[in-house]
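Along the sequence shown, residues carry numbers from 1. Both counts, for ligands and for their atoms, begin at 1 and track the order of listing.
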Amino acid sequence: MTQDQWGQIKEALRETVGRNNYKTWIEPLELADIENDVATFSVPTTFLGNYVSRNFGDVILFKMSGVSPRVRRIDFKVDGHSSAGTGSEAVTQPARAAAPEAAPSRSGSAVSSAPLDKRFTFESFVVGKPNELVHAAARRVAEGGPVTFNPLFLYGGVGLGKTHLMHAIAWELQAQKPELNVVYLSAEQFMYRFVQALRDRRMMDFKEMFRAVDVLMVDDVQFIAGKDSTQEEFFHTFNALVDQNKQIIISGDRAPGEIENLEERIKSRLQCGLVVDLHPTDYELRLGILQSKADRFAAQYPGLDLADGVLEFLAHRISTNVRVLEGALTRLYAFASLVGHKITLELAQDCLSDILRASDRKVSIEEIQRHVSEHFNIRLSDMIGPKRVRNFARPRQVAMYLCKQMTSRSLPEIGRRFGGRDHTTVMHGVRRIEELRNQDAQMAEDLEILRRTLEG
Ligand code: ADP
Ligand code: MG
């Protein structure tokens with residue numbers, strides 16, 4: 001493969017991974033050489049190599065082998081220091097994306113799992129109310145005992161710990177039952193392997209190898225929605241494993257029934273086992289996570305003091321997702337260690353102002369009105385208009401309630417935006433929904449769904 005061809009592949013990758021990912025992860029890659037069936041890239045840091053391998057390895061391999069079929073593996077080495085010795089830092093972690101065929105492909109040879117993140121273990125997973133059920137289910141599956149629910153389907157919003165839990169299950173199983181063939185893949189990686197097998201006319205191998213897996217985990221299954229032949233193959237693999245009583249663990253960003261463009265038969269299959277969701281974090285869980293992180297940082301940066309109230313402040317102000325929360329703390333420690341300064345509230349406000357501002361993003365009254373009327377299938381004009389029939393009045397009250405909860409607008413202001421209603425009407429509406437929320441499970445669920453979509 002020439003540098004030119006690599007350049008073209010890079011361009012194609014820009015489309016696939018998006019501009020931001022491209023800039024951060026793909027652009028810095030330099031094709032160093034191709035020897036036998038391995039393409040080696042030089043990368044500026046170990047971290048980058050690991051990250052690219054884990055997240056884009058399969059895509060890169062897929063595109064490369066389209067141009068140059070003999071490439072079956074990619075590898076990363078850290079810039080500049082190719083000679084042996086201390087300078088040459090081999091990328092730790094199994095930083096290679098091996099095509100399934102890279103293993104000597106006798107029939108029955110194994111599917112390779114994507115690399116697991118060392119940090120994602122049960123020990124480092126903080127349990128609180130919003131995730132205790134999922135955690136218990138994950139622990140149970142990780143015991144590797146008789147299969148009681150199949151599949152285990154985990155779902156929840158971005159950054160709530162789905163991937164973390166799946167890796168934790170895999171680590172635990174590998175430690176307790178090393179004889180099991182545990183395979184963790186993202187749905188995207190599943191697809192790339194499938195497409196590559198199709199192209200190489202190795203579907204028999206592909207099928208055979210997947211059917212020899214003992215525990216299969218597929219992360220972010222929503223990715224295959226709308227991708228028909230991948231869904232089809234996934235469905236067959238899935239059924240074959242369930243028939244053999246092999247454990248399957250799937251994650252998605254929403255409940256199986258709510259994933260659009262996913263075949264009905266797959267949805268119903270996914271619902272057959274145990275479906276559990278990760279709820280948005282609450283204050284206590286966020287604080288717990290921050291504390292456990294801070295403990296680890298304390299070991300890493302001895303002598304760096306943390307003032308009282310900083311963690312509480314962060315747990316209170318950053319409610320989006322755990323990834324953002326962790327990122328904030330990491331930045332805070334890095335910054336404080338650079339300036340050799342105690343971590344105080346002021347420092348946090350200073351160095352995290354962008355994150356804090358982004359988390360502050362309040363939804364607007366219009367957004368709430370629009371989402372609520374869509375949710376209840378009424379026209380926006382009917383929600384704001386004068387009609388008092390129940391079909392319009394209830395959604396209107398729901399919208400008022402959400403405006404009170406999610407914006408900082410006063411009752412009179414909210415009233416004005418609902419067709420010039422009086423603030424007592426708004427107050428009455430808000431109270432009514434508060435009551436219903438406690439009495440009526442359907443109402444509680446509607447509110448939860450709306451709140452989530454509005455926050456998301
Ligand atoms: P998802 O796959 O649901 O988008 P991840 O599993 O990638 O989310 O989690 C995002 C980040 O938040 C990871 O660094 C993970 O370790 C961390 N995280 C999420 N939930 C917890 C938790 N309960 N305890 C500790 N860390 C968590
Ligand atoms: Mg994930």
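- Of the N or O atoms in G161, one or more lie within a sub-3.5 Å distance of an N or O in ligand 1.
- Backbone or side-chain N, O or S atoms of T163 reach the Mg ion (ligand 2) at under 2.8 Å.
- Put simply, the residue from L314, I318, I343, V310 that forms a side chain to side chain contact (heavy atoms under 4.5 Å, CB included) with L329 is L314.
- Using a cutoff of 4.0 Å between basic side-chain nitrogens and carboxylate oxygens, D282 and K129 are not scored as salt-bridged.
- Between F125 and ligand 1, no pair of N/O atoms sits closer than 3.5 Å.
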Intermediate values then yes/no, side-chain contact (heavy atoms from CB on, under 4.5 Å), L29 and W6: CA-CA 10 Å; L29 300 180; W6 166 236; 4.0 Å; yes
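- In terms of polar-atom proximity, F120 is not counted as a contact of ligand 1, lacking any N or O under 3.5 Å from an N or O of the ligand.
- At the top of the distance list for atom 19 (C) of ligand 1, counting protein heavy atoms only, stands V322 CG1, 3.4 Å.
- D219 and T163 form a side-chain donor-acceptor contact under 3.5 Å, judged by distance and modelled atom types alone.
- Ligand 1 places these atoms under 4.0 Å from at least one heavy atom of N131: 23 (N).
- Contact check on R451 versus E448 returns a salt bridge, with a Lys/Arg side-chain nitrogen under 4.0 Å from an Asp/Glu carboxylate oxygen.
- For atom 25 (C) of ligand 1, the nearest non-hydrogen atom of the protein is S124 O, 3.2 Å.
- Between E434 and R437 there is no salt bridge, since no side-chain nitrogen of the basic residue lies less than 4.0 Å from a carboxylate oxygen of the acidic one.
- Of the protein's non-hydrogen atoms, the one nearest atom 24 (N) of ligand 1 is V126 N, 2.8 Å.
- Ion pair E233/K207 flagged as a salt bridge, since at least one NZ, NE, NH1 or NH2 atom sits closer than 4.0 Å to an Asp/Glu carboxylate oxygen.
- When E326, H164, R323 are checked for heavy-atom proximity to atom 7 (O) of ligand 1, R323 turns out nearest.
- On a distance-only criterion, V158 and ligand 1 share no N/O pair closer than 3.5 Å.
- For atom 20 (N) of ligand 1, the nearest non-hydrogen atom of the protein is L160 O, 3.5 Å.
- E326 and R323 are not joined by a salt bridge, as no carboxylate oxygen comes within less than 4.0 angstrom of a charged side-chain nitrogen.
- The shortest contact between atom 4 (O) of ligand 1 and any protein heavy atom is with G159 N, 2.7 Å.
- Which parts of ligand 1 touch I289 is read off a 4.0 Å heavy-atom cut-off, strictly below it: atoms 21 (C), 22 (C), 23 (N), 24 (N).
- No side-chain N or O of S124 forms a donor-acceptor pair with one of R119 less than 3.5 Å apart.
- Ligand 1 has no atom lying under 4.0 Å from any heavy atom of G156.
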